[in-house]
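Here the structure is laid out as structure tokens; the discussion comes afterwards.
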Amino acid sequence: MLRHRFQPGRLVAGLFLMLAGVIYAGDAGGLWETPWFVVIPVVVGGLCLAGAVGLVARSVHRRRGERRAAPPDAPRADLPR
């Protein structure tokens, strides 16, 4: 059982930040030459994409939660009778 809800926006943000780290690591290791400003669009684009994915995931989660919610007049299980 999962301990928390899956958040795909954070996954996307992490992947793009790791990509930025790989770009800088390749430059530092001498595998290729990377100008300093190349990583800015990667990070900003990744964060924007992560925000959009997060909004979509949140709206889907809320929509599914509304269907599963009990009607307001239904008896609650946590209240004593």
Side-chain angles (χ1 to χ4, degrees):
M1 184 169 162
L2 293 175
R3 293 181 185 236
H4 55 84
R5 188 174 63 216
F6 175 64
Q7 296 177 343
R10 290 185 181 192
L11 174 67
V12 171
L15 289 175
F16 274 89
L17 291 174
M18 283 182 11
L19 175 64
V22 167
I23 290 171
Y24 273 135
D27 184 30
L31 297 175
W32 55 75
E33 287 291 321
T34 306
W36 64 270
F37 56 84
V38 169
V39 176
I40 293 172
V42 171
V43 172
V44 171
L47 291 176
C48 289
L49 182 63
V53 168
L55 286 173
V56 169
R58 186 176 204 181
S59 67
V60 168
H61 179 73
R62 282 189 177 180
R63 207 171 271 181
R64 284 187 176 183
E66 288 175 2
R67 279 191 267 154
R68 292 181 184 164
D73 58 345
R76 291 180 42 184
D78 61 344
L79 295 176
R81 293 184 187 203

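Position 1 is the first residue of the sequence, and the numbers go up from there.
M18 and V39 fall into different hydrophobic clusters, where Ile, Leu, Val, Met, Phe, Trp and Tyr residues are linked whenever their side-chain heavy atoms come under 4.5 Å apart, directly or through other members. Side-chain heavy atoms closer than 4.5 Å link hydrophobic residues (I, L, V, M, F, W, Y) into clusters, and following such links, possibly through other members, connects L49 to L19. Both V53 and V42 are part of a single hydrophobic cluster, where members link through side-chain heavy atoms under 4.5 Å apart.
Side chains of V43 and F16 form no contact here, defined as non-hydrogen atoms less than 4.5 Å apart.
Considering all non-hydrogen atoms of both residues, Y24 and W36 come closest at OH-O, 3.3 Å. The minimum heavy-atom distance linking V12 with G46 is given by the pair CG1-O, 4.2 Å. Scanning all heavy atoms of the two residues, the minimum distance from P8 to A57 falls at CG-CB, 3.6 Å.
Among residue pairs with one or both ends in residues 9-18, those qualifying as side-chain hydrogen bond (donor to acceptor under 3.5 Å, both in side chains) are Q7-R10; sequence neighbours excluded. Within the structure, side-chain hydrogen bond (donor to acceptor under 3.5 Å, both in side chains) contacts touching residues 38-52 (residues at least two apart or in different chains) do not occur.
Remark: W32 engages T34 in a side-chain hydrogen bond (donor to acceptor under 3.5 Å, both in side chains) (not counting sequence neighbours).
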